[in-house]
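Shown next, in structure tokens, is the structure this report addresses.
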Amino acid sequence: MSCMEVIFMDSQSELWRVRLDKLDLFRSKGVEPYADHYARTHMAQDIIENFGELEGQGVKVAGRIMSKRDQGKVIFVHIQDFSGRIQIYIRRDDVGSERFDLISTLDVGDFVGVDGSVFRTKRGEISVHARQVDILSKAMRPLPEKFHGLTNVEMRYRQRYVDLIVNPDVRSVFVTRSKIIRAMREFLENKGFLEVETPTLHTVAGGAAARPFITHHNTLDMDLYLRIALELYLKRLIVGGFEKVYEIGRNFRNEGISIKHNPEFTMMELYQAYANFRDIMELTENMIAYIVEKVHGTLDISYQGEVLHFATPWSRLQMLDGILEYSGVDFRNITDDEEARSAARAQGIHIGEDATRGQIINEFFEEFVEPKLIQPTFVIGHPVEISPLAKRNAQNPAYTDRFEAFAYGRELGNAFSELNDPIDQRKRFEAQMAEREKGDDEAHMMDEDFLRALEYGLPPTGGLGIGIDRLVMLLTDSASIRDVILFPTMRPRDDQASE
RNA sequence: GCGCCACUAGCUCAGCUGGUAGAGCAUCCGACUCUUAAUCGGCAGGUCCACGGUUCGAUCCCGUGGUGGCGCACCA
């Protein structure tokens, strides 16, 4: 099907034809409606903030027309640039009749450059009185209605560019997202961490329990996985002699989509040689507090109607204590798998036939404790079965030196003293392989090269992972992860599918 | 994967018991030289998500499918 046929079949064809005619009109007058450049001197917000000095002065502003009030021989428009909006006052007498006729065909959505002088209207609005109005880019499609804007959630995600034009709050979420990441980098750089980049294409998908995406390299004729975590490559770097590294990067997990899950999401992972999980815990609360303060100017923020207090130190909770408190079940008195399974059945917790005590503890935790952890809290004392990459606790080797950070009942971060005993690590992988044999396709894969790296010696190391998207959700009071990802994963629609 | 809900003009939404659709804004034409959800007058704009079924007749009822939202499951 040719491009033109597509255009004529478009339900907007009437609107489209009118815009085409307008393009022709400009060109017939020798005006190119898609300009090359505009030498702007001021942003909209600058003019508003500095009206005192700028009143009567000449300025050149540029932006998208967001509203238009045509009074025949006078036109008012608001233009929007990245800083905000400013009103433009255009008089037929000032710009010339022929030019004015062209200007009057401009639509909401068009980009213009305006050369004029700053003044205040009779009604009191700071505006630019135009001497010259240049079209910079003609919009062929109409913007959503000015009052209600674009509210259809599906369209907002699919056509985020339109969402961003008409919904200023959306833009500000992503500006905040950028600030959060910048503050995080700032904090880590100040602590002497080095930012690195590791592969996205993995031959072994490791570092987390998750189903990976599979892709294929043609020349090598081999399948590759999109990474599910940054962990294993970053630890190789500690083996290689880097002592403080971090990476902020995209992970991919081939799992369900929800208000908290997008198939691709951003993680920050860091590793620090000679540190243990206690050191990392302190670093974590300090880092998050630094970011919260930097972004909000306070350590108390409101999320979905709850006030969260990020002042350090955050509370610490032993996983088993939490379970006892919220479910009444004391796993210190439950010593084997069978006892744990009957405790689960008694509480109506759904578990596999051969679930281990450690897995059941985790189920109890998620069921009874997690939703209660509204204020920032570190949970410690994770069973070894659910922590295949964490060092065992020296006093009680059934548990690991690990913590997870929670806020608003959601995991914010995960950290541990890294397992640096290559022989124990091999056993843990083997246990994971056994899980995999039993059909758990999210169990860890064996990673021989990672084991080899450990066999060269990994110093004692503390590591941390933080889900950036969830952190951004918290700090922007966003209910859905899709509200903090510019282009969330969506099924293509017929009318948008590529051919 | 399961359940509930939604899908009507470019956008935001009405639409009664089943009689093939309306409004506001935007567009288009006209009026208006300080308006700001500008105002006033007029015209036009529809695959009612798709396909079946029931019916004399379906936007409406039924079924299947699609897309999305939410919940559950999954996701440590």
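No hydrogens, no waters, no symmetry mates; every other heavy atom, side chains included, goes into these values. Every chain is numbered from 1, with letters handed out A, B, ... down the list of sequences.
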Quiz prompt | Exam field: side chain A/Asn262 to backbone A/Phe265, donor-acceptor pair closer than 3.5 Å | solution = no
Practice problem: Kindly state which residues belonging to residues 361-374 of chain A come within less than 4.0 angstrom of RNA chain B, counting heavy atoms of the residue only, listed by number. | Solution: A/Asn362, A/Glu366
Quiz item: By ring-ring contact (aromatic ring centres under 6.0 Å, His included), which residues pair with A/Phe416, not counting sequence neighbours?
Solution: none
Exercise. Using a heavy-atom cut-off of under 4.0 Å over every strand shown, decide if A/Glu145 touches base, sugar-phosphate, or nothing.
Key: base
Quiz prompt | Sugar-phosphate, base or nothing in reach of A/Thr121, heavy atoms under 4.0 Å | solution = base
Exercise. Take A/Phe416 and A/Arg91, find for each the nucleotide of RNA chain B with the closest heavy atom, and name the residue whose nucleotide sits nearer the 5' end.
Key: A/Arg91
Practice problem: Residues of residues 399-415 of chain A with any non-hydrogen atom less than 4.0 angstrom from an atom of RNA chain B: list those, numerically ordered, please. | Solution: A/Arg402, A/Asn414
Quiz item: Is it the case that A/Asn167 and A/Asp163 place a side-chain donor and acceptor less than 3.5 Å from each other?
Solution: yes
Quiz prompt | Minimum-distance nucleotide (side-chain atoms of A/Arg69 versus B/G68, B/C70, B/U35) | solution = B/U35
Exercise. Report yes if at least one side-chain N or O of A/Lys122 is closer than 4.0 Å to OP1 or OP2 of B/C34; otherwise report no.
Key: no
Quiz prompt | For A/Glu367, all residues meeting side-chain hydrogen bond (donor to acceptor under 3.5 Å, both in side chains), sequence neighbours excluded | solution = none
Give me the distances for all protein-to-nucleotides 27-31 of chain B N/O pairs that come in under 3.5 Å?
unit_1	atom_1	unit_2	atom_2	d
B/C28	OP1	A/Lys22	NZ	2.5

Self-check item: Residues in side-chain hydrogen bond (donor to acceptor under 3.5 Å, both in side chains) contact with A/Thr356, at least two apart in sequence or another chain
Solution: A/Gln359
Quiz item: Ignoring hydrogens and geometry, is there a side-chain-to-backbone donor-acceptor pair from A/Gln425 to A/Leu451 under 3.5 Å?
Solution: no
Exercise. Remember a base hit wins even if backbone is also touched, and classify A/Ile386 as base, sugar-phosphate or nothing at under 4.0 Å, heavy atoms.
Key: base
Practice problem: Could you grab the distance from atom CG of A/Asn362 to atom CD of A/Glu370, nearest 0.5 Å is fine? | Solution: 8.0 Å
Quiz prompt | For RNA chain B, stems built from three or more consecutive Watson-Crick or G-U wobble pairs below 3.5 Å | solution = B:1-7 with B:66-72, B:10-13 with B:22-25, B:28-31 with B:39-42, B:49-53 with B:61-65
Quiz item: Rounded to the nearest Å, what distance is computed from the OH atom of residue A/Tyr157 to the C1' atom of nucleotide B/C70?
Solution: 11 Å
Self-check item: Any donor-acceptor pair under 3.5 Å from A/Asn50 side chain to A/Asp46 backbone
Solution: yes
Quiz item: How many Å lie between CD on A/Glu154 and C1' on B/C11, as a whole number?
Solution: 15 Å
Quiz item: Taking the side chain of A/Val153 as its heavy atoms from C-beta onward, which of B/C70, B/G69, B/C74 lies nearest to it?
Solution: B/G69
Practice problem: Rounded to the nearest angstrom, tell me the gap between atom CD1 in A/Ile90 and atom P in B/C34. | Solution: 14 Å
Quiz item: Any ring pair (Phe, Tyr, Trp, His ring centres under 6.0 Å) pairs touching residues 77-105 of chain A, not counting sequence neighbours?
Solution: A/Phe76-A/Tyr89, A/Tyr89-A/Phe119, A/Tyr89-A/His129
At a cut-off of 3.5 Å, list every protein nitrogen or oxygen paired with a nitrogen or oxygen from nucleotides 1-8 of chain B, distance to 0.1 Å.
none

Exercise. Verify the contact: side-chain N or O of A/Arg123 to OP1 or OP2 of B/U35, cut-off strictly under 4.0 Å; return yes or no.
Key: yes
Quiz item: Quick one: salt bridge (charged side-chain N to carboxylate O under 4.0 Å, His left out) partners of A/Glu411, sequence neighbours excluded?
Solution: none
Quiz item: Can you tell which of A/Asp424, A/Asp401, A/Thr400 makes a side chain to side chain donor-acceptor pair (under 3.5 Å) with A/Arg392?
Solution: A/Asp424
Quiz item: Is the NZ atom of A/Lys427 crowded by more than 12 outside heavy atoms at less than 6.0 Å?
Solution: no
Quiz item: Under 30°, 30 to 60°, or over 60°: which ring-plane class applies to A/Phe429 and A/Phe450, parallel, tilted or perpendicular?
Solution: perpendicular
Quiz item: Are A/Thr151 and B/C13 close enough that a side-chain N or O sits under 4.0 Å from OP1 or OP2?
Solution: yes
Exercise. Starting from C1' on B/A26, measure out to CG on A/Leu143 and report it in whole angstrom.
Key: 10 Å
Exercise. Could you tell me which residues satisfy side-chain contact (heavy atoms from CB on, under 4.5 Å) with A/Pro144, sequence neighbours excluded, listed by chain and number?
Key: A/Leu150, A/Val162, A/Val166
Exercise. Would you mind reading off the distance between A/Ile126 atom CD1 and B/U36 atom C1', rounded to a whole angstrom?
Key: 15 Å
Self-check item: Side chain of A/Arg211 (C-beta onward), nearest among B/C74, B/U12, B/U33
Solution: B/C74
Quiz prompt | Qualifying residues under ring-ring contact (aromatic ring centres under 6.0 Å, His included), relative to A/Phe111, sequence neighbours excluded | solution = none
Practice problem: Decide if atom CD of A/Glu338 counts as having more than 12 heavy atoms of other residues, nucleotides or ligands within a radius under 6.0 Å. | Solution: yes
Practice problem: Please report, rounded to the nearest Å, how far the C1' atom of B/C34 is from the NE2 atom of A/His78. | Solution: 12 Å
Exercise. Report the nucleotide, chosen from B/A26, B/U36, B/C34, that has the shortest atom-to-atom distance to any side-chain atom of A/Phe119.
Key: B/C34
Quiz item: So what does A/Ala210 touch, heavy atoms closer than 4.0 Å: a base, only the sugar-phosphate, or nothing?
Solution: sugar-phosphate
Quiz item: In whole angstroms, how far is the P atom of B/U36 from the CD1 atom of A/Ile88?
Solution: 17 Å
Self-check item: Distance, rounded to the nearest Å, where A/Met155 contributes CE and B/G69 contributes P
Solution: 13 Å
Quiz item: Can you tell me if A/Lys138 uses its side chain to pair, donor with acceptor, with the backbone of A/Arg19 under 3.5 Å?
Solution: no
Quiz item: Which residue, A/Glu442 or A/Arg482, contacts RNA chain B at a nucleotide closer to its 5' end, judged by nearest heavy atom?
Solution: A/Arg482
Quiz prompt | N/O donor-acceptor pair under 3.5 Å between A/Arg345 side chain and A/Ile351 backbone | solution = no
